[in-house]
Structures are given as C-alpha cells and as structure tokens.
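Structure first, commentary second.
In the text below, chain A, chain B and the rest are named by the order of the sequence lines, each starting its count at 1.
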Protein chains: 2
Amino acid sequence: MREATLKEIAHTLGISITTVSKALKNYPDVSEKTRKAVIALAEELHYTPNSFAVNLRTKESKTIGLIIPEVVHHFFSGVVNGIIDEAEKNGYLVIILQSNESLELEKKQVALLLNKRVDGIIMSLSNESNDDAHIKEIIQKGIPFVQFDKISKLIPSSKVIINDQKAAMEAVQHLIDMGCKKIAHIRGLANPQNSIDRFLGYKKALEKNGIPFDSSLVYSCKSITFEQGVEFAQQILEEDKGIDGIFVITDLVAVGLLAHFNEKGIQVPGQIAVIGFSNWLVSQVITPKLSTVDQPSYEMGVAAFNLLLEEMIYRKKGKIFEPKTIELPTSIITRESTLKKIEA
Amino acid sequence: MREATLKEIAHTLGISITTVSKALKNYPDVSEKTRKAVIALAEELHYTPNSFAVNLRTKESKTIGLIIPEVVHHFFSGVVNGIIDEAEKNGYLVIILQSNESLELEKKQVALLLNKRVDGIIMSLSNESNDDAHIKEIIQKGIPFVQFDKISKLIPSSKVIINDQKAAMEAVQHLIDMGCKKIAHIRGLANPQNSIDRFLGYKKALEKNGIPFDSSLVYSCKSITFEQGVEFAQQILEEDKGIDGIFVITDLVAVGLLAHFNEKGIQVPGQIAVIGFSNWLVSQVITPKLSTVDQPSYEMGVAAFNLLLEEMIYRKKGKIFEPKTIELPTSIITRESTLKKIEA
DNA sequence: TTTTTATTCGAAAACGTTTTCGAAATTACC
DNA sequence: GGTAATTTCGAAAACGTTTTCGAATAAAAA
C-alpha cells in the first residue's frame with residue numbers, strides 16, 4: 001500500500017525527478033510528449049503529492065486555526081460554518097479549538113496553533129481575556145490574524161464585528177414605535193463588551209426619545225440561562241412597576257420571560273412586549289414567536305476568512321498589510337412578541 | 001523574525017545537530033552538561049520544532065479529519081465538541097469538513113483529507129450516501145477510520161451508534177405507560193436508517209403491548225421542519241381519529257405540533273401527549289416542556305475519538321486492528337408534554 | 001559549415017527533523 | 001600499562017518536494 005512518489009514515477013519513466021515535478025505543475029520547459037507520459041503514469045499510480053514534503057518546502061500548510069469559546073452555540077456554529085465553507089473554496093482547511101471561556105485554555109490553544117505553524121488564525125476572545133500576551137505573540141510572529149465578535153480593540157489586527165450599541169438602539173426604538181412607554185432592560189454579565197454596548201444602546205434610545213432613564217428598570221443577569229429569564233419575569237410581575245416592554249440581552253433569557261408570562265396569563269405583546277437578541281432557532285418556534293435582532297453569523301465567518309486570506313496573500317508577497325475592520329449590519333426581526341396592533 | 005532551528009542551536013553551541021536533537025528529546029546518550037546547555041539556549045531562542053519537518057520525517061501529523069453533514073446542528077456540534085476535547089487531550093488536532101448532506105461534496109472532502117494525509121478520519125455519512133467507493137478507499141489505504149451516527153453497516157470499520165429502534169420502543173412504551181391508547185407516529189424521510197429504525201421501534205412497542213398497528217396513524221415528513229409539525233397537527237385535528245399520543249421523529253417537528261395544539265387550545269398532555277427525539281435545546285424551554293429521547297452526543301464524540309486512537313496506535317505498531325462497535329445508551333427524558341396525572 | 005537561438009532536460013541544494021551506526025573519548029578493570 | 005567496557009558524540013542518510021541554474025540537444029539563422 002505504498003504511496004507513489006515523484007521518484008518512483010521518474011524511475012519507471014527513465015527521467016529525472018525534476019522533470020516529473022515540472023510536468024505535473026505545467027512548467028513550460030517540458031515537452032508535450034513527456035508531459036503526457038508523466039500525467040498518464042501519475043494517474044495510473046494515483047499519485048498525490050506528499051503534503052508533508054510540500055509543507056516543508058513551501059513553508060505553508062494551507063491550514064488555518066480557529067479558536068472560539070464553544071462550538072455548541074448557535075452563533076458560533078454559524079460562524080464556523082461560514083469559515084469552513086469559505087476556507088474550503090479557497091483551498092484551505094480549518095483546525096478548530098475551543099477555549100471554553102477560559103483564559104488559560106485559550107493560551108494553550110494559541111500555543112498549539114503556533115506550534116502547528118498554521119498559515120493564519122481567526123479567533124473570538126473568551127470572556128476572561130484581559131491579559132493578551134499570547135495574542136501579541138501571534139502578531140509579533142507575523143502570523144496573519146483576524147478577530148471577530150468578542151475582540152480586543154487594543155490588538156492591531158483585522159476585525160469583524162457588529163455594532164451592538166446601534167443594534168440595541170434599534171431594538172429599543174422598535175419597542176417605542178410599538179407604543180411601549182416604560183421599557184425595562186435585562187442586561188448581560190458585567191464585563192463582556194457586548195453586554196455593555198447593548199446596555200448603552202438601550203440608554204441612548206431612551207434618551208433620543210425623551211424618555212428618562214430609570215436604573216431600577218435594568219436587571220443584571222448572573223447567568224445567561226432560561227431560568228434566569230423565568231426569575232426576572234417573576235420579579236417584574238411582583239414589582240408591578242407598569243413595565244410594558246422589555247429588551248433582553250439574548251433570546252434564551254427572553255424565552256424564559258415568555259414562559260413565565262405565559263404561565264401567569266400575561267399577554268405578550270398585549271400587556272408586555274418582549275424583544276431578544278441573536279435570533280436563536282428557538283425564537284421562531286416559541287409561542288408567541290419572539291422578535292429579535294439578527295446577527296449574521298455565517299456572513300461574519302465568511303468575512304473573517306476573507307480578511308485573513310487577504311492578509312496571507314499580502315504577507316506572502318512580502319508586502320505590509322494594513323488591518324481592516326468590517327462591521328456587518330444587524331437587522332430587527334419583528335415577530336409576534338412585539339407586534340401590538342397600532343397599525344395605521 | 002526567523003524561527004530558531006536545531007542547526008542554529010548546534011552552531012552557536014559548537015556541537016552537532018544530532019546532539020541537539022537528542023538533548024531535547026532526552027536521549028540517554030548525551031551528557032548532563034550539554035543537555036543543560038542545549039535546553040537553556042533552546043528556551044532562550046523560543047525554539048519549537050518545525051512541525052512540517054517532523055511530519056515529513058515521522059510520517060504523521062497528529063491531526064485527524066472529521067466529516068459531518070453540518071456543524072450548525074445541536075447533535076453534531078455536541079459530537080464535534082466531544083471529539084475536539086478528547087483529541088486535544090491526546091495531542092491531536094481536528095480538521096472539520098461539512099458534507100451538507102451531499103454525496104458529491106462528501107467525496108470531495110474525503111479526497112481532501114486523504115491528500116492532507118491526516119492520521120485518521122471520523123465521519124457521519126450524508127443521507128445521500130449509498131455509493132461508498134470513496135469510503136472503501138479510506139479503508140483500503142489503511143487509514144484508521146471510525147463511523148458514527150449515520151453509518152454504513154457494509155463498511156468494515158469501527159462504529160459508534162445508538163440503538164434507534166430500542167430508543168423508539170422506549171419512547172412509545174412511555175406513552176403507553178402514561179395511558180395513551182391510540183398512538184400516532186410522525187416519521188422521518190423514507191431513506192435514512194434512523195428514520196426506518198425509529199418507525200420499526202414504534203411498531204414493535206405497539207405489538208409488544210397488544211395494540212394493533214394502524215398505518216393510517218403514521219405520517220411521513222417531507223421535510224424536517226417546524227412547519228411540517230404545524231401541518232401535521234392541523235391534519236390530525238381535522239381527521240379527529242381520537243389520537244391521544246404522538247411519537248415524533250425529532251424535537252423540531254414535535255415543537256411544531258405543540259405550537260399548533262397550543263393555538264387551538266388542545267391540552268398537552270391532557271388530550272394528546274407528545275414525545276420527541278434528540279433533546280434539542282428548544283425542548284426544555286417550550287411550554288409545555290417536551291419529553292424526548294436524549295442522545296449522548298458529547299459521549300459519542302469521545303468514544304469515536306478513542307476508537308480511532310486505539311486503531312492509530314495498533315496500526316503504528318504494525319499490528320492488525322479488529323474493528324469495534326460501541327453502542328451508547330439513550331435515555332427517555334420525561335417532561336411536561338407526556339406527564340399525565342395517573343400517578344398511583 | 002558555423003554560430004545563434006530556442007527548447008528540453010537534470011544535478012543539486014534546500015526545507016528541518018529523526019535515527020542509525022560507528023568513532024572517539026572517557027572510565028573501569030586487571 | 002594495557003585492555004575492556006562505558007559514555008558521549010557526530011556524520012550521514014532519509015523523508016519527498018520545489019526551484020535554480022547550467023548543460024545538452026535540437027532548430028534556426030548566417
């Protein structure tokens with residue numbers, strides 16, 4: 001079951017390895033006759049170049065690394081999808097590693113990829129990431145590098161992001177347009193930038209519409225779970241502050257709210273309108289169907305790879321590459337949970 | 001920004017490349033003094049072996065390939081998770097490719113991985129897979145190979161599976177235990193083996209309990225979607241056959257049923273009990289919470305990698321490897337959608 | 001025929017590592 | 001002191017490819 005090599009082909013054809021190599025790569029300085037012969041024999045032997053040797057010789061592996069917090073997450077698997085597809089179209093393969101939101105693991109994964117000498121790295125930072133020595137090492141080694149979603153602004157690299165603040169503003173504006181007067185916000189954890197940005201968007205939307213900001217209408221998640229949503233729904237009903245609209249950090253939590261409102265016979269959107277974030281699968285199959293903000297995960301993956309590809313090409317030519325930032329548009333998806341009948 | 005090499009270290013230390021290599025790999029035939037010196041300099045220069053050269057020399061890359069229909073699917077991303085984690089623990093990296101349920105793509109992906117000369121391949125067949133010339137090529141090339149979930153029984157390789165038929169039987173038995181007398185089955189597409197097996201499990205459970213099989217109670221999905229579930233719910237209500245329990249091919253479709261029943265004011269499980277399959281995230285956040293069959297996706301990934309690892313080790317020693325099949329247990333998760341109150 | 005030009009080929013180095021095997025240097029033993 | 005055993009080292013081959021550059025051959029021009 002030995003694999004055919006250039007040497008073998010050369011030997012049986014009575015020519016040199018050089019010529020065989022050239023024939024297979026369509027170099028101009030090999031006669032039509034020998035080229036034909038080489039190709040014929042190569043096919044017969046099912047010759048395929050030894051990628052290990054090619055890698056060593058060309059100093060590239062046509063392989064990139066991807067580090068994400070976790071695959072089992074609708075958003076990240078969407079991105080993974082986009083990256084894999086686009087990479088494959090361009091002859092690249094993708095190695096995926098998970099950081100599980102742990103800084104320590106993240107460092108290890110970066111080291112692994114550097115050892116593997118991948119041609120480039122795409123990554124979304126873990127929540128813990130504040131120390132970025134390991135990221136700087138990537139840059140300093142001159143490895144093409146792209147960040148997406150959770151990024152560090154301080155690192156000079158290309159980035160693919162959405163505008164969380166703007167998206168949040170639009171979501172809240174939508175609630176206002178639907179007639180909501182007293183709008184609460186279920187915000188995410190304290191540190192992550194997107195949690196902060198969405199909160200700021202909420203504030204700005206209120207401000208823009210002349211609605212006074214009331215910090216008692218902001219609820220902070222301890223965990224991003226369904227149960228957390230149920231708890232806040234309980235609390236909100238108990239407090240009875242007259243809230244008629246809620247902007248929630250993410251769909252999963254929003255669905256928890258809906259579940260409890262449903263149980264208590266609260267009309268959504270009649271009494272309280274709810275809008276989530278991220279367009280999880282669940283938001284379209286719940287009753288009432290949940291309005292939300294769509295993040296173009298697949299497109300982010302595609303964009304991230306293309307940015308990386310551009311840098312890889314630049315670097316290969318020895319040119320210097322100026323990092324770019326791509327901001328992808330989000331869109332409000334209006335479904336039943338916010339559609340009050342104020343039409344016309 | 002040049003990377004340090006053995007040659008460099010050897011040069012500056014005035015010793016041979018051989019000795020440097022040996023020192024770093026703890027060969028016994030190098031004195032403590034030179035070993036220390038080598039290690040010190042290696043650390044100072046941040047030396048890390050060139051993996052391309054190592055691959056070429058050792059003929060292995062510590063990289064495996066994984067082909068799945070699609071990442072963006074709760075089940076597959078669970079498996080991916082398990083494989084990546086376990087692979088990393090054992091010093092392996094994972095390249096992921098998607099077949100998108102297309103046979104043509106699947107063939108291409110296999111070819112890609114063979115060209116890359118991965119150390120092993122794990123894969124779940126696409127639905128289209130009937131021709132398996134490309135799979136046979138993997139076996140015949142002697143590449144360690146493991147199938148999981150959607151498998152071809154005809155291919156002599158290790159396999160990781162669940163017992164769909166048994167799981168389906170248990171699900172239907174659960175409905176019967178809950179007092180259901182007239183049980184319908186929403187089955188999947190015609191060809192996939194798991195669709196067939198679950199259907200057979202449904203039949204067997206009825207048989208075992210002395211309930212006559214009625215083919216008019218079996219509904220075949222044209223697509224595995226939420227909407228399909230809604231449609232069947234409509235049809236079932238219109239037909240009014242007195243159905244009081246439904247076993248559904250997968251949670252997504254079951255959730256469609258629930259949505260429509262909810263809209264029409266049908267009590268679940270009071271009038272009709274519903275059980276799904278696969279334990280999608282959505283099943284625990286819907287109202288009523290959906291009973292379902294849990295497939296241990298992460299564990300399947302772990303098992304698949306370990307089987308592959310075993311084969312890789314065997315093969316490396318030149319020993320022949322006898323393929324194994326691991327069948328992982330499923331479990332019925334009883335939630336609100338089937339819990340009728342017949343408790344004692 | 002000789003010289004020039006175009007065409008076709010191959011020797012050899014290089015990529016960086018691992019490993020075999022023999023040689024040199026050191027130590028132990030009588 | 002000499003021999004044997006042990007320790008420490010390095011030359012060299014090999015993995016399979018790509019690419020440079022010069023040589024050989026064939027064709028064209030003089």
Could you please name the option among [options] that lies closest to any side-chain atom of [X]?
X: Arg57(A); options: dG16(D), dA12(C), dC9(D); result: dG16(D)
X: Lys7(B); options: dC15(C), dG10(D), dG16(C); result: dC15(C)
X: Ser31(B); options: dT8(D), dT17(C), dC9(C); result: dT8(D)
X: Tyr47(A); options: dC9(C), dT17(D), dA11(D); result: dT17(D)
X: Thr34(A); options: dG10(D), dT17(C), dC9(C); result: dC9(C)
X: Lys22(B); options: dT18(C), dG10(D), dG10(C); result: dG10(D)
X: Tyr27(A); options: dT18(D), dT19(D), dT17(C); result: dT19(D)
X: Leu6(A); options: dT19(D), dT18(D), dG16(C); result: dT18(D)
X: Pro49(B); options: dG16(D), dG10(C), dT17(C); result: dT17(C)
X: Thr18(A); options: dC9(C), dT17(D), dA11(C); result: dA11(C)

| message | By the salt bridge (charged side-chain N to carboxylate O under 4.0 Å, His left out) test, which pairs, at least two apart or in different chains, include something from residues 33-44 of chain B? | response | Glu32(B)-Arg35(B)

| request: Would you mind checking if Glu104(A) and Lys108(A) are paired as a salt bridge, meaning a charged N to carboxylate O distance below 4.0 Å? | output: no

| field | Parallel, tilted or perpendicular: rings of Phe75(B) and Phe148(B) (30°, 60°) | value | tilted

| Phosphate OP1/OP2 of dT8(C) contacted by Lys33(A) side-chain N/O (<4.0 Å) | no

